[in-house]
Visitor: 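Sharing a structure below in structure tokens format, with a few things to ask.
Position 1 is the first residue of the sequence; numbering continues from there.
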Amino acid sequence: MAGPLGVSVAAVAFFLLGLSVSSEAQTPTPAPAPISVPCALRSNTSCADCLQNVTCLWCITTQQCIDYPVRNILPPSSVCPLADARWGVCLVNFQILIITMSVLVGVIIIAILICCFCCCKCERVGNKREDAKVERQTRARKARQKVKRTEMQLRHDEIRQKYGLAKDNPYSRMDNH
């Protein structure tokens, strides 16, 4: 059946059906949550299978998947030697992880100390510059004060000379009285 525009009802229905199917295909349905299999049941499989659960620890030598001993920071060697223990990633063992993290932390601490040292040194250099500038200004001010004092002394001496109050002899006033 064709409509007024020459489009059949079947074509419109097919078009609408295609839109609904394509929109459903674009929105993925959430995957069901994986069922948590106990770590012991994943033993003798593979490291990747064991480490799908973050609470599991894989020991290469024994091919055992065990629960991570959460009471200890590092798994004790009785459970699995550090060089053979894997957690999170199959490629990295605990021994390499500890060494790498220690080196990174050391580098970060040294970098922070160097930054603090440089900042303090730069601050001291800035203070030394400022102190030198203040010292130069103080010396210049004292020199100007000394020149003014000398000029004032000369003027006073001229006035004393003019009125006969010269300071040739400090005891001259006493003699005159």
Side-chain angles (χ1 to χ4, degrees), residues 23 26-31 33-34 36 39 46-61 65-177:
S23 67
Q26 290 176 356
T27 55
T29 57
S36 178
C39 297
S46 70
C47 178
D49 289 339
C50 175
L51 296 183
Q52 285 178 350
N53 187 350
V54 294
T55 62
C56 295
L57 175 74
W58 178 257
C59 188
I60 289 181
T61 54
C65 186
I66 54 176
D67 288 319
Y68 189 88
V70 292
R71 291 194 177 125
N72 303 327
I73 295 174
L74 299 174
S77 59
S78 62
V79 173
C80 187
L82 287 180
D84 297 329
R86 304 291 191 265
W87 180 71
V89 179
C90 292
L91 298 174
V92 180
N93 64 35
F94 269 94
Q95 203 168 13
I96 293 173
L97 183 67
I98 291 169
I99 293 169
T100 305
M101 294 306 285
S102 300
V103 168
L104 286 176
V105 168
V107 167
I108 290 171
I109 289 172
I110 289 171
I112 289 171
L113 291 174
I114 288 172
C115 287
C116 290
F117 175 75
C118 289
C119 289
C120 291
K121 185 177 180 182
C122 291
E123 185 176 311
R124 274 191 250 130
V125 168
N127 285 343
K128 286 180 182 177
R129 288 180 189 156
E130 190 173 318
D131 290 346
K133 181 181 175 184
V134 168
E135 184 66 30
R136 284 192 305 271
Q137 290 174 346
T138 303
R139 275 189 256 128
R141 192 177 318 116
K142 285 184 179 181
R144 284 193 305 266
Q145 286 176 348
K146 190 174 183 180
V147 168
K148 283 183 181 180
R149 198 175 300 124
T150 305
E151 288 174 358
M152 215 174 190
Q153 188 68 35
L154 287 173
R155 270 190 266 135
H156 288 151
D157 287 345
E158 286 175 2
I159 292 172
R160 285 189 187 106
Q161 191 76 23
K162 182 177 177 182
Y163 292 107
L165 300 171
K167 286 175 92 178
D168 295 336
N169 186 359
Y171 299 106
S172 64
R173 275 190 171 174
M174 295 177 123
D175 291 340
N176 291 340
H177 292 311

Visitor: The test is side chain to side chain contact (heavy atoms under 4.5 Å, CB included); show your working for Arg149 and Gln153 and say whether it passes.
Guide: CA-CA 6 Å; Arg149 198 175 300 124; Gln153 188 68 35; 5.8 Å; no

Visitor: Please walk me through it: do Leu154 and Glu151 pass side chain to side chain contact (heavy atoms under 4.5 Å, CB included)?
Guide: CA-CA 5 Å; Leu154 287 173; Glu151 288 174 358; 5.6 Å; no

Visitor: Say you draw a straight line from CD1 of Ile96 to CE of Met101; how long is it, rounded to the nearest 0.5 Å?
Guide: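 Answer for the CD1-CE pair, Ile96 versus Met101, is 14.0 Å.
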
Visitor: In Å, rounded to the nearest 0.5 Å, how long is the span from CG of Asp84 to CG of Leu57?
Guide: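 Separation between the atoms: 10.5 Å.
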
Visitor: Measure the CG-CD1 distance between Asn93 and Ile98 for me, rounded to the nearest 0.5 Å.
Guide: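 Those atoms lie 9.0 Å apart.
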
Visitor: Quick check: are the SG atoms of Cys90 and Cys47 less than 2.5 Å apart?
Guide: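 Between Cys47 and Cys90 there is a disulfide, given that their SG atoms are under 2.5 Å apart.
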
Visitor: Measure the OG-CG distance between Ser102 and Leu97 for me, rounded to the nearest 0.5 Å.
Guide: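 Spacing of OG (Ser102) from CG (Leu97) equals 9.0 Å.
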
Visitor: Rounded to the nearest 0.5 Å, what's the gap from CD on Gln145 to OG1 on Thr150? Could you check?
Guide: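 If I round to the nearest 0.5 Å, the distance is 11.5 Å.
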
Visitor: Between Leu91 and Arg86, what is the shortest heavy-atom contact and its length?
Guide: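 Closest approach of Leu91 to Arg86: C-NE, 4.4 Å.
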
Visitor: Parallel, tilted or perpendicular: which fits the ring planes of Trp87 and Phe94, with parallel below 30° and perpendicular above 60°?
Guide: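 Aromatic pair Trp87/Phe94 classed parallel.
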
Visitor: Among Cys59, Cys56, Cys39, Cys50, whose disulfide bond (SG atoms under 2.5 Å apart) with Cys65 holds?
Guide: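 So the option named by the test is Cys50.
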
Visitor: Keeping the roles fixed (side chain from Asn72, backbone from Pro75), state whether a donor-acceptor pair exists under 3.5 Å.
Guide: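 The answer is no, because no donor-acceptor pair under 3.5 Å joins these two groups.
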
Visitor: Got a sec, which residues hit salt bridge (Lys or Arg N to Asp or Glu O under 4.0 Å) with Glu135, two or more places apart in sequence or on another chain?
Guide: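 For Glu135, the residues satisfying salt bridge (Lys or Arg N to Asp or Glu O under 4.0 Å) (neighbours in sequence not counted) are Arg139.
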
Visitor: Between atom CH2 of Trp58 and atom CD1 of Ile66, what is the distance when rounded to the nearest 0.5 Å?
Guide: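 Reported to 0.5 Å precision, the distance equals 10.5 Å.
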
